[in-house]
Amino acid sequence: MAVTFSDLHTEQGVKSVEEHLAGKTYISGDQLTVDDVKVYAAIVEKPSDAFPNASKWYDSVASHLAKSFPGKAVGVSIGGSAASAPAQAEAPAAAADDDDDMDLFGDETEEEKKAAEEREAAKKDTKKPKESGKSSVLMEVKPWDDETDMKKLEECVRAVEMPGLLWGASKLVPVGYGIKKLTIMLTIVDDLVSPDNLIEDYLTCEPNNEYIQSVDIVAFNKI
């Protein structure tokens with residue numbers, strides 16, 4: 001629905017614009033349109049601080065128009081009675097209607113450029129593969145009995161290779177009745193290696209289960 005303003009050369013007319021702009025950035029919404037140019041042209045001078053909404057809007061429109069007309073203005077005052085002000089304002093308003101190709105927005109402001117750069121940087125960050133975390137794991141590898149060849153058992157463990165897996169220090173720890181268990185450190189890349197899958201699919205399945213009875217995770221720490 002079209003909005004009607006009258007007597008914009010008077011304080012009462014500016015007050016109607018002030019009230020209309022409550023909660024709005026521009027006359028017809030959140031973007032500058034030819035409606036703003038019409039109203040701007042009809043207002044004789046910048047509204048006073050008594051009309052904060054209208055004053056802020058006036059500055060914003062003036063800024064956009066300044067970009068569209070980069071020449072240096074010397075300043076112009078319009079003579080005649082107040083009653084003729086609306087008629088005088090019609091000329092630039094009509095010109096705004098006729099010039100469909102006029103770019104009211106011009107070049108980006110510094111704030112707009114900065115916001116655009118931040119958006120581009122955010123897009124690039126989302127495209128970069130994020131580095132996966134690493135974890136340090138301590139495992140206990142238990143043999144079937146005291147006759148199990150523990151050297152062969154450790155060889156089976158260390159023979160398991162996959163991307164993101166690095167075996168570390170190990171030692172044999174007595175359990176009792178002549179049985180020893182192997183404790184071994186390993187470092188894993190979290191996105192590449194699952195400790196549970198490592199145990200179920202590699203360490204305790206054939207042929208490794210000839211030596212390995214079970215494997216337990218004793219400690220798990222993020223690096």
Side-chain angles (χ1 to χ4, degrees), residues 1-134 189-192 222-223:
M1 180 181 293
V3 181
T4 302
F5 297 107
S6 59
D7 300 323
L8 293 181
H9 60 286
T10 67
E11 184 172 302
Q12 188 62 34
V14 175
K15 183 180 180 182
S16 66
V17 176
E18 170 71 15
E19 293 172 349
H20 177 77
L21 287 170
K24 295 185 178 69
T25 305
Y26 296 104
I27 297 298
S28 298
D30 295 330
Q31 293 185 324
L32 184 68
T33 67
V34 71
D35 293 339
D36 295 279
V37 179
K38 288 181 179 179
V39 178
Y40 175 90
I43 295 178
V44 178
E45 59 185 6
K46 177 183 176 180
S48 68
D49 293 339
F51 307 102
N53 295 330
S55 179
K56 182 178 179 181
W57 162 84
Y58 189 97
D59 285 341
S60 179
V61 176
S63 174
H64 284 297
L65 290 177
K67 297 171 188 175
S68 299
F69 304 99
K72 184 177 180 181
V74 297
V76 175
S77 60
I78 308 297
S81 64
S84 66
Q88 295 166 351
E90 287 296 327
D97 272 336
D98 294 337
D99 193 358
D100 293 335
D101 296 329
M102 183 176 68
D103 181 6
L104 298 179
F105 299 96
D107 297 331
E108 290 181 312
T109 64
E110 288 301 320
E111 292 78 6
E112 291 169 338
K113 288 181 179 179
K114 184 177 179 181
E117 290 172 357
E118 290 175 349
R119 288 196 298 271
E120 287 301 317
K123 289 179 182 178
K124 291 180 181 178
D125 287 341
T126 57
K127 293 178 182 178
K128 291 180 180 178
K130 295 184 179 179
E131 185 175 348
S132 176
K134 294 182 180 180
V189 176
D190 296 333
D191 286 351
L192 299 178
K222 293 287 186 181
I223 297 177

Determine whether a donor-acceptor pair (N or O, by modelled atom type, separation under 3.5 Å) exists between the side chain of D59 and the backbone of K56. no

Using 0.5 Å steps for rounding, measure from the NZ atom of K15 to the CD atom of Q12. 5.5 Å

List the atom of D190, the atom of K222, and the distance in Å for their closest heavy-atom pair. OD2-NZ, 2.7 Å

Any chance you could lay out the side-chain contact (heavy atoms from CB on, under 4.5 Å) test for Y58 and V14, step after step, and finish with the verdict? CA-CA 11 Å; Y58 189 97; V14 175; over 6 Å; no

Minimal heavy-atom distance between A54 and L21, with the atoms involved, is CA-CD1, 3.8 Å

Could you tell me whether the side chain of F51 reaches within less than 4.5 Å of the side chain of E11, counting heavy atoms only? yes

Do the non-hydrogen side-chain atoms of Y40 and H64 ever get within less than 4.5 Å of each other? no

Hey, are the side chains of S60 and Y26 touching, using non-hydrogen atoms and a 4.5 Å cut-off? yes

Just do the side-chain contact (heavy atoms from CB on, under 4.5 Å) check on V17 and F5 with the steps written out, would you? CA-CA 7 Å; V17 176; F5 297 107; 3.9 Å; yes

Side-chain donor/acceptor of D36 to backbone N/O of I27, under 3.5 Å: yes

What one should report as the nearest heavy-atom pair of L8 and S16 is CD2-OG, 4.3 Å

Residues forming a side chain to side chain donor-acceptor pair (under 3.5 Å) with D35, sequence neighbours excluded: S28

Which of V39, N53, V3 passes side chain to side chain contact (heavy atoms under 4.5 Å, CB included) with H20? It is V3

